[in-house]
> 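Structure incoming, see below.
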Amino acid sequence: ALLLIAPAVAIGAETACHWSFAPIQIDGVANDVAWPAAPTWSGPAGSPPYRVRWAWDRAALFVFAEHPAGAAAPELTLRPAADKPGGYRFTAADDGTWHAAFLPDLIDEPLVEDVKPGDFHLQAKLVVDAATEFRTWEVRVPWTDLMRTGGRAEPGERWQFGIVPKPESREAGPAQASPVTVAFLGPGETARATGAHPALQTVFQAARTSRVVGSPDPPLPYHVRPA
């Protein structure tokens, strides 16, 4: 198994969301080709002990988070536009499920917009190590769930994320988190950034010797034929 992980970046810094050249299976394990080369965000000493990676493709945004036993389940905030207050809050439960909400004003968080059943279509998986109780979370957010703020990101865009422990209640006000800016890298930028990584060599080799059946943008999973 590949255990190579890109260096972590400090909280508040900018990190990258790499393009995924192959489908990501939501199983709570970072064994898809996108994860080993993805930069890992973590906070400084004294901050909640979360480590987070991001990836994306045409259909969805993917998040892989991990933390040791004793840390509360995470809450992730997402703000697509720096000049607009609207954003999303994704809160994990101890059983591995997630609750999603759209907030018209993520900064002040006065009210959560009424969320109807079926508004969000997250896929999530929690894996707990039996010996250490170390937890890993893998989440898939379809871009259609983010249509309130314009949907899918574009290469070069920078979105604001934050991750904090899930609060026991919201009576004390909104949870505060130092944001991390996540820059979305398209296929070309991701290839240049990670082309030498062992996890991607078979993918790049297939791209050089095969052609995609269907054009443009065939549905996943792609089927390849020898050129």
Side-chain angles (χ1 to χ4, degrees), residues 1-6 8-9 15-42 50-67 73-74 76 78 80 88 90-92 96-98 100 120-129 134-147 151-155 157 159 161 163 180 182-207 210 212-214 216-224:
L2 286 169
L3 299 177
L4 298 175
I5 296 177
V9 296
T15 187
C17 179
H18 285 178
W19 181 266
S20 178
F21 291 95
I24 294 177
Q25 181 179 355
I26 304 303
D27 56 9
V29 181
N31 56 0
D32 303 287
V33 296
W35 295 129
T40 301
W41 172 90
S42 64
Y50 301 117
R51 293 171 60 86
V52 189
R53 285 173 269 180
W54 290 266
W56 69 305
D57 61 17
R58 292 186 181 279
L61 170 68
F62 301 88
V63 182
F64 192 90
E66 50 193 333
H67 64 83
L76 182 72
L78 161 59
Y88 304 87
F90 304 102
T91 306
T97 59
W98 286 68
F120 290 91
H121 306 84
L122 276 75
Q123 294 176 261
K125 179 66 175 181
L126 166 65
V127 173
V128 181
D129 184 276
F134 192 86
R135 287 161 164 77
T136 58
W137 309 75
E138 193 167 23
V139 184
R140 179 184 186 272
V141 183
W143 293 119
T144 52
D145 283 4
L146 308 183
M147 290 305 296
R152 187 173 69 197
E154 295 294 336
E157 287 188 354
W159 290 14
F161 287 81
I163 185 167
V180 56
V182 178
F184 288 83
L185 303 188
E189 292 173 299
T190 299
R192 286 189 290 273
T194 62
H197 198 283
L200 297 176
Q201 290 306 302
T202 57
V203 177
F204 294 147
Q205 180 63 27
S210 309
V212 175
V213 177
D217 299 332
L220 291 172
Y222 300 141
H223 301 286
V224 298

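Since the model is a prediction, treat every value here as computed from it, not as a measurement. Numbering of residues begins at 1 and proceeds along the displayed sequence.
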> If we ignore angles and hydrogens, is there a donor and acceptor under 3.5 Å between the side chains of Glu189 and Trp19?
no
> List the residues meeting ring-ring contact (aromatic ring centres under 6.0 Å, His included) with Trp54, not counting sequence neighbours, and say none if there are none.
Phe161
> Could you check whether the rings of Trp159 and Trp143 sit parallel, tilted or perpendicular, using 30° and 60° as the cut-offs?
perpendicular
> Would you confirm whether Tyr88, through its side chain, and Leu146, through its main-chain N or O, come within 3.5 Å as a donor-acceptor pair?
yes
> Could you pull out the closest heavy-atom pair between His67 and Trp137, with the gap in Å?
NE2-NE1, 3.1 Å
> Any heavy-atom pair between the side chains of Pro187 and Phe21 that's under 4.5 Å?
yes
> Give, for atom CG of Asp32 and atom CD1 of Ile26, the distance between the pair rounded to the nearest 0.5 Å.
7.5 Å
> Checking His18 against Trp56: is there a side-chain donor and acceptor pair closer than 3.5 Å?
no
> Could you tell me if the side chain of Phe62 sits less than 4.5 Å from the side chain of Val141, heavy atoms only?
no
> Could you walk me through whether Val139 and Trp98 pass the side-chain contact (heavy atoms from CB on, under 4.5 Å) test, one step at a time?
CA-CA 9 Å; Val139 184; Trp98 286 68; 3.6 Å; yes
> Show, in sequence, the C-alpha distance, side-chain angles and deciding distance for Val63 and Arg140, and conclude whether the side-chain contact (heavy atoms from CB on, under 4.5 Å) test is met.
CA-CA 7 Å; Val63 182; Arg140 179 184 186 272; over 6 Å; no
> Hey, are the side chains of Phe134 and Glu66 touching, using non-hydrogen atoms and a 4.5 Å cut-off?
yes
> At their closest point, which heavy atom of Pro39 faces which heavy atom of Thr15, and how far apart are they?
CB-OG1, 3.3 Å
> Contact between Leu61 and Cys17 at the side-chain level, heavy atoms closer than 4.5 Å - yes or no?
yes
> If every non-hydrogen atom of Ser20 is compared with every non-hydrogen atom of Ala22, which pair is closest and at what distance?
OG-O, 2.5 Å
> Show your reasoning for whether side-chain contact (heavy atoms from CB on, under 4.5 Å) applies to Arg53 and Trp35.
CA-CA 7 Å; Arg53 285 173 269 180; Trp35 295 129; 3.8 Å; yes
> Give, for atom CD1 of Ile163 and atom CG of Leu76, the distance between the pair rounded to the nearest 0.5 Å.
5.5 Å
> Please give me the minimum heavy-atom distance between Ala55 and Ala34, naming the atom from each residue.
CB-CB, 4.2 Å
> Okay, side chain of Thr40, backbone of Arg51: is any donor-acceptor separation there less than 3.5 Å?
no
> With sequence neighbours excluded, what pairs up with Phe90 under the ring-ring contact (aromatic ring centres under 6.0 Å, His included) test?
none
> Over all heavy atoms of both residues, which pair between Val182 and Ala16 is shortest? Give the atoms and the distance, please.
CG1-C, 4.1 Å
> With a 3.5 Å distance limit and no angle check, can you tell me whether Glu138 reaches the backbone of Lys125 through a side-chain donor-acceptor pair?
no
> Check the pair Arg135 / Leu126 against side-chain contact (heavy atoms from CB on, under 4.5 Å), numbers first and verdict last.
CA-CA 7 Å; Arg135 287 161 164 77; Leu126 166 65; 4.0 Å; yes
